[in-house]
Each structure stands twice: as structure tokens, then as C-alpha cells.
2 protein chains.
Amino acid sequence: MAKTTTSNHAGAARQRGVTMNDVAKHAGVSRTAVSFVLSNRENASISEETRTRINEAVQALGYRPNAGARALASQRSDWYGIVTEIVTAPFAVDIIKGAQDQAWLDRKFLLIAPSDQADAVGPNQGLEDAATEKLLEQRVEGLLYAATFHRGVHVPETAKEVPTVLINCFDADGKLPSIVPDERAGGRTAVERLLQAGHRRIGVINLDPAIPAAIGRLEGAREALADAGLELDPELVVPGYATADGGYEAACHILDRYPQQDRPTALFCLNDRMAMGAYDAIKERGLTIPGDIAVIGFDNQELIAAYLRPKLTTVALPFEKMGALGVQTLAALTAGQPIVADQQLVGCPLLERSSV
Amino acid sequence: MAKTTTSNHAGAARQRGVTMNDVAKHAGVSRTAVSFVLSNRENASISEETRTRINEAVQALGYRPNAGARALASQRSDWYGIVTEIVTAPFAVDIIKGAQDQAWLDRKFLLIAPSDQADAVGPNQGLEDAATEKLLEQRVEGLLYAATFHRGVHVPETAKEVPTVLINCFDADGKLPSIVPDERAGGRTAVERLLQAGHRRIGVINLDPAIPAAIGRLEGAREALADAGLELDPELVVPGYATADGGYEAACHILDRYPQQDRPTALFCLNDRMAMGAYDAIKERGLTIPGDIAVIGFDNQELIAAYLRPKLTTVALPFEKMGALGVQTLAALTAGQPIVADQQLVGCPLLERSSV
DNA sequence: ATGCGCGAGTAACGCGCGTTACCTATCTGG
DNA sequence: CCAGATAGGTAACGCGCGTTACTCGCGCAT
């Protein structure tokens with residue numbers, strides 16, 4: 001068996017790289033032949049015998065291709081870059097997860113670079129430019145931009161040298177394809193669920209009314225109510241800071257404002273953090289969930305929704321799916337295929353738990 | 001000004017790469033000269049004049065170095081790889097954040113590959129091997145392994161071809177350097193804080209007693225008590241599932257077991273999720289936090305700790321710092337420097353909020 | 001005038017691999 | 001017996017860059 005006894009041995013590759021040449025020598029063929037069998041070339045005329053001989057040599061030497069050299073020679077890197085503030089503000093990590101998984105499936109590598117776009121036009125505007133630049137230096141085949149919350153962003157000019165897809169955000173001026181949650185449908189889903197449970201008077205704890213999430217979700221809520229022949233009472237829509245405290249205060253406001261018979265029987269909280277605060281307000285008043293007041297959230301922040309008592313029914317933001325779809329879209333773009341639409345909406349599924 | 005009027009123009013690099021050769025031609029020098037000024041070579045004798053001429057050419061053509069080619073030629077990739085289940089189970093993302101930031105500072109690139117080690121010896125044991133292999137194909141200079149929770153792991157053999165550091169986990173058999181939280185000191189910190197607030201009878205909601213986190217934190221708790229001349233009453237240590245429900249039940253158990261005068265006045269919950277459940281149990285009984293019962297957690301899961309009412313005082317797991325330290329250690333290793341210790345403990349700082 | 005050192009730069013090799021063009025031996029049909 | 005096809009390869013170029021060795025002109029001491 002062991003021909004070359006002492007020197008190299010499977011798994012114990014020598015320090016600096018076994019190359020194709022080594023494999024070729026070991027197998028007694030040309031390097032070209034090795035390259036052909038390793039890349040599974042179609043019209044390669046290599047006899048079955050030498051093919052196996054080469055494969056054995058690969059095993060024996062523990063050969064491992066050099067991705068960089070391959071990229072240089074083939075002019076394709078198999079890398080996508082994603083620049084995201086998620087690394088800096090870990091809320092929607094699932095975007096990365098989804099993208100990562102999909103990339104892995106496609107045998108692509110995802111290079112992750114941090115961005116500070118969160119501080120918008122702030123002082124470190126330069127950072128994401130640097131990130132983009134670094135990624136382009138790696139000759140990524142495409143770029144992804146991901147935001148922690150749905151909003152408009154400004155993409156560095158240089159990014160446009162390469163196919164680019166936006167995830168959970170959209171290009172303020174340009175025409176870059178983007179993947180965003182279908183906030184409107186999500187809002188509709190939430191309210192429909194409450195209506196279905198028999199609620200007719202529904203309080204809404206709103207977010208900053210200017211952001212896409214608030215606009216869309218509220219619109220969806222109105223639609224659902226309209227379908228049921230109801231209207232959204234403006235007095236029942238109270239804004240809150242997007243925190244538990246904000247939710248608590250908003251909930252107090254709603255609960256204390258009306259005599260019991262006029263009090264809403266359900267609360268649609270536009271995010272789970274506020275729902276968390278609303279829980280406290282409700283419990284404080286000796287009311288039960290969902291018996292006296294049903295609560296439905298939005299976002300499906302697992303750490304909150306799955307651990308509140310009772311567990312929170314909520315509408316999920318499809319981060320993971322958006323990430324995956326982003327990579328798929330990018331793959332299509334880099335392959336020269338036309339994309340489906342400029343802006344792809346991803347549905348927000350309802351997660352039934354116990355608060356409705 | 002504009003000499004070459006039509007063709008290339010800043011920012012609008014032609015599709016497939018401006019190379020050093022182009023820059024050299026544009027500046028009327030050799031490619032070597034360009035290489036020298038771009039890499040800021042020490043003993044390069046390049047006149048100030050040609051130096052600026054070259055830099056101008058770089059600007060004018062929008063030249064961008066090709067990282068792959070550079071890596072190939074220089075035999076250094078400037079890449080670290082991190083394989084982690086965090087991508088699949090995003091709990092300790094801050095490890096990635098810390099590592100990423102530090103790598104960025106060091107001008108290194110962090111390649112992130114997913115692992116499924118969470119299911120230990122499960123069916124997809126192969127995945128992380130594949131991940132490691134992929135990273136090695138990229139010729140990363142070093143490898144990081146990160147786990148979502150502190151525990152022993154098994155590292156693929158192939159990883160040992162390259163400097164490797166473990167974060168938030170340790171090598172069961174081998175001698176790989178690792179970075180882990182100082183659980184013992186953290187446990188001590190928590191209990192000392194309670195003692196300082198005057199509590200003498202402290203209940204502990206434990207985790208699975210076999211995991212390093214539980215072992216260490218409990219040991220620290222004992223030490224702190226011993227320092228105060230107290231002992232940990234075994235009856236006051238009740239195990240719980242690491243969830244809110246688990247914490248709820250354990251807290252009920254403790255609170256209902258004793259008459260008021262014997263009841264503990266403080267609860268040390270070994271993680272924040274269980275503290276979340278404990279809150280409910282306490283509130284349900286009409287008790288206040290921290291008035292009747294003080295609560296201290298562990299982990300500092302922001303989404304929980306910062307949003308509970310009252311906000312939860314807790315001991316933080318230093319994920320970000322561990323990530324950064326991991327990269328620093330790796331940098332030292334790859335530079336051939338000896339490392340400080342085989343296992344580096346990172347302190348767990350107390351985060352004062354309002355529950356004690 | 002000669003030699004020597006130095007500033008300023010260049011030619012050329014190699015990194016590991018994909019790829020194209022070519023080459024040789026063997027078989028087939030006429 | 002020979003043209004041509006086909007199986008089974010190989011030589012050699014280039015990808016973009018780092019790096020070493022070398023060249024060339026010039027000032028200065030001998």
C-alpha cells in the first residue's frame with residue numbers, strides 16, 4: 001500500500017501547501033490532468049484508471065485546493081459580500097443566518113463587513129464606504145446590504161460596480177432591487193386574527209408614525225377593519241417609544257381612559273417590546289391575558305415573545321427568509337437572469353401562541 | 001486637466017478590473033514601481049515626484065487592489081476564519097461582533113462559516129468539518145471556534161494545521177488555547193452584590209448542574225457566602241429548566257415552601273430567562289421587586305434584562321470582549337508570539353439596574 | 001581618468017490554478 | 001495502405017501581484 005512511506009501522509013499536509021503539481025507528480029500525470037478531474041470537466045478525456053489514480057493521490061497527500069488561486073485564474077470568486085449594521089446592532093441577525101445558509105447551499109462564501117449606517121449621516125459615514133471598498137477588493141461577485149429595521153438607506157456609489165441587493169431596506173434614490181417585509185399584509189394578519197377571536201374594539205400601540213413599519217402595519221390594520229365593516233378609532237391609536245416602557249405607558253393610557261364597557265378588548269402592539277410593557281400594565285390592573293385583554297405583537301423577537309407569560313402571539317418579521325431570498329436574488333443577478341421585481345415583499349406569518 | 005478624456009474616469013472603473021499594469025502605463029513607470037509605492041515599502045527608492053504621479057494614476061483610474069492575487073503572491077491572506085453555531089443559533093452574536101470589530105481594526109477579514117455542533121455528535125457532525133475545510137481552502141491564517149454557551153467541544157483534526165483559538169468553549173482533549181467567561185468570579189460578584197444589599201438568605205435558581213456555567217457560578221456563590229461567614233443552604237438551590245417557565249416554577253417552589261420569616265429575601269437566577277419567569281412568580285404573589293424580593297440574573301440578555309420591569313440587575317457574559325480577545329490571541333499566535341495562558345478567563349461585570 | 005556608492009528604477013520569476021491549443025497513439029472505414 | 005477520427009493526454013500562457021536581482025546614470029573621493 002503505502003508507497004511514499006515517510007514523507008507525507010493523509011491529514012498531515014506539510015506546512016505550506018500541497019499543490020496540484022505535487023498531486024500530479026505523485027500520480028505520474030500532468031498537472032492539467034489533475035485540474036481536469038478535480039473540476040469534473042465535461043469533455044475531458046481522462047481514462048477511468050488515471051482518474052482514480054489521481055483521486056488517490058489527492059487523498060494520500062491531503063491536497064486542498066487554493067481558493068484564492070482558483071479565483072484568480074478563473075475570474076470568479078464564489079464570494080458574496082454583505083455589509084450590515086447587524087453586526088454592530090444585533091437585532092436582525094437572522095438575516096445573516098438566512099443569507100449564510102442559502103449561500104452555503106449555493107457553495108458561495110459570505111463575507112460579512114460591518115457598517116455603521118445606523119447613525120445615518122453621522123460622522124462615520126465613511127465606515128460603510130470602507131466596508132464596501134474592502135469587499136470589492138476581495139472581488140465579491142455581488143453585494144448585499146442589510147438593515148436592522150425597515151427603512152430607506154443610502155448606498156455607496158462604488159457598490160454599483162457589482163450586482164447589489166438590499167435586504168430589509170430600500171434605496172432612497174436609485175433603482176436597486178430590494179427585499180422587504182410586507183408590513184401591510186402583516187398588519188392585516190394581526191388585526192384579522194383579533195377580529196376572528198371576536199374582538200371589535202381594538203387598541204393600537206403605534207411606533208414612530210413616520211417609519212415604513214408603522215405606515216404599513218397601520219394601513220393593513222385599517223384594511224382588515226374595513227373588511228369587517230369597522231373603522232379604526234383614531235383615539236385608540238396611541239404612539240409609544242419602541243421600548244417596553246413605551247408600551248407600558250401607552251397601554252396605561254388606553255386602559256385608564258375608558259370606562260370598562262368602552263375599553264378595548266384587544267391590543268395590537270406594533271412591536272414585541274412594547275407588548276412586553278403592555279403585559280405589565282394589564283397585569284397591574286388585575287386583568288388577565290387573553291381573558292380580559294388580548295394582546296398581539298409584531299416582530300417575533302423570540303427572547304421576548306416565547307418567554308412572556310402567557311406566551312405572546314405575534315406576527316413574525318421574516319428575517320431569515322429575507323436573507324435567503326436576498327442571496328437567491330443576487331445569484332440570479334450575477335447569472336444575468338432578470339429579476340422578478342424591483343421590490344420583493346416577503347410575507348409576515350402569524351405565530352399563534354397564547355395571548356389572543 | 002483631463003488627459004485621457006473619454007475612456008476611464010474616476011469611480012467608473014471598467015468592468016473587469018483596472019490592474020497595476022494599467023496604473024503603471026498611465027503613470028509612465030514600471031509595474032514594480034507601482035507595487036512599491038502602494039505597499040509603502042521601506043527601502044524603496046522612489047522619488048517623491050513619481051510617487052505622486054503614481055498616486056494620481058491610481059485615483060484617476062479608480063484602481064483597486066485584488067486581494068486574492070495579493071494573497072497568492074505574498075503567501076499571506078489577512079483572513080481569519082470563524083466557525084460557529086452562532087449563525088445557526090443566534091444567542092451570543094456579540095462574540096462575532098467583538099471578533100469582527102477587532103479583526104477590522106487589525107485590517108484582517110473575518111470569514112464566517114456556520115457549524116451545527118450544537119447537536120453535538122448528532123447526524124450533521126460533518127457540517128463543521130466541511131466548514132473548517134472550506135475555510136482552510138481560503139487559506140485563512142487562523143481559526144476561531146465559538147460556541148453559544150460555555151462548554152467542551154470537539155474540534156476537527158484538520159483545524160490543527162493552523163493556529164486555532166476557542167471562544168466560549170474549550171477543547172475536551174487537546175491543548176488549544178481558549179477564552180472563556182470567569183463563571184466563578186461572576187457568581188461571586190452576583191452574590192456579593194446581594195450580600196452588600198443586606199440579604200442573608202438567598203435562593204438560587206440553578207441550571208443543569210453538570211454544565212460549566214452552573215458549576216462555576218455556584219462555586220462563586222459559595223465563596224462569597226463563605227467570605228461573609230454564611231453557608232449556602234442546599235434546600236435553597238433549586239434546579240430549573242433554562243427557560244422562563246423553568247424559572248417561574250423554581251421560584252414558585254422557593255417562595256411557597258417557607259413561612260414568610262424564613263423565606264429568602266433575594267433570588268440569584270443563573271440566567272436572565274429564568275429571572276424573567278421568577279418575576280412573574282413574585283408579582284403573582286403580590287410581592288414587589290426589589291422591595292420584598294431582590295432578583296439578580298446572569299447573562300445580561302439585553303432584550304430581557306433591559307426591558308423587564310423593574311429592569312433586571314444582572315451579571316454580564318462578556319461575549320464581545322471574548323470575541324475581541326479571541327482575535328487578539330489569534331493575532332499573537334500567527335505572529336509566533338507565545339500566548340499568555342492556555343485558558344484565558346474573562347471577567348463578568350455586574351450591570352446594576354433596578355432589581356436589587 | 002578610475003572606481004565606488006547611491007539614488008531611481010526595471011526585468012523577470014513565481015505564487016497555484018484554469019484553460020486553450022496542441023500532440024501522439026490507436027482505431028476505423030474505404 | 002492510407003486519410004481521418006477519436007481517446008488520452010500534455011505544454012504553455014495568463015490571471016494580478018510581491019519580490020529579488022539587476023541595470024543605469026551620476027556625484028564624489030582617490
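Below, chain A is the first sequence line, B the second, and so on; all start at residue 1.
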Exercise. Is the backbone of A:Ile167 close enough, under 3.5 Å, to the side chain of A:Ser178 for a donor and an acceptor to pair up by distance?
Worked result: no
Seminar exercise, completed: Taken in chain and number order and not counting sequence neighbours, the residues that satisfy salt bridge (Lys or Arg N to Asp or Glu O under 4.0 Å) with B:Asp106 are none
Exercise. Looking at OG1 of A:Thr329 and CD of A:Gln102, how far apart are the two atoms once the value is rounded to the nearest 0.5 Å?
Worked result: 9.5 Å
Seminar exercise, completed: Residues at least two apart in sequence or cross-chain that pass side chain to side chain donor-acceptor pair (under 3.5 Å) with A:Lys134, listed by chain then number, are none
For this session: Just jot down the side chain to side chain donor-acceptor pair (under 3.5 Å) partners of A:Asp94, sequence neighbours excluded, or say none.
Result: none
Exercise. Roughly how many Å is it from CZ in A:Arg139 to C1' in D:dC17, rounded to a whole number?
Worked result: 11 Å
Exercise. Counting side-chain heavy atoms from C-beta on, which of D:dC15, D:dC17, C:dG16 comes nearest to B:Leu72?
Worked result: C:dG16
Exercise. At under 4.0 Å, does any side-chain N or O of B:Arg70 touch on OP1 or OP2 of D:dC17?
Worked result: no
Problem set entry | salt bridge (Lys or Arg N to Asp or Glu O under 4.0 Å) partners of A:Arg41, counting only residues at least two apart | none
What N/O pairs connect the protein and nucleotides 5-12 of chain C at under 3.5 Å? Give each pair on its own line.
| from | atom 1 | to | atom 2 | distance (Å) |
| --- | --- | --- | --- | --- |
| C:dA8 | N7 | B:Ser45 | OG | 2.8 |
| C:dG9 | OP2 | B:Ser47 | N | 2.8 |
| C:dG9 | OP2 | B:Ser47 | OG | 3.2 |
| C:dG9 | OP2 | B:Thr50 | OG1 | 3.1 |
| C:dT10 | OP1 | B:Ser30 | N | 3.4 |
| C:dT10 | OP2 | B:Ser30 | N | 2.8 |
| C:dT10 | OP2 | B:Ser30 | OG | 2.7 |
| C:dA11 | N6 | B:Thr32 | OG1 | 3.0 |
| C:dA12 | N6 | B:Thr32 | OG1 | 3.4 |

For this session: Report the distance from atom NZ of B:Lys25 to atom P of D:dG16, rounded to the nearest whole Å.
Result: 11 Å
For this session: Measure the distance from CG on B:Asp78 to C1' on D:dG18 and round it to the nearest whole Å.
Result: 13 Å
For this session: Remember a base hit wins even if backbone is also touched, and classify A:Ser35 as base, sugar-phosphate or nothing at under 4.0 Å, heavy atoms.
Result: base
Seminar exercise, completed: Rounded to whole Å, CD of A:Gln75 lies from P of D:dC13 at a distance of 19 Å
For this session: Report the residues that fulfil side chain to side chain donor-acceptor pair (under 3.5 Å) with A:Thr32, sequence neighbours left out, ordered by chain and then residue number.
Result: none
Problem set entry | DNA chain D: 5'-proximal contact among B:Asn66 and B:Arg41 (nearest heavy atom) | B:Asn66
Seminar exercise, completed: With sequence neighbours left out, the residues meeting side chain to side chain donor-acceptor pair (under 3.5 Å) with A:Ser39 are none
Problem set entry | Gap between atoms CE and C1', on A:Met20 and C:dG18 respectively (whole Å) | 8 Å
Exercise. Mind checking what makes salt bridge (Lys or Arg N to Asp or Glu O under 4.0 Å) contact with B:Arg70, not counting sequence neighbours?
Worked result: none
Problem set entry | Relative orientation of the end axes in the helix from C:dA1-D:dT30 to C:dG30-D:dC1, expressed as an angle to the nearest 10° (five pairs per end) | 60°
For this session: Nearest whole angstrom, please: distance from the P of D:dC17 to the CG of B:Leu38.
Result: 9 Å
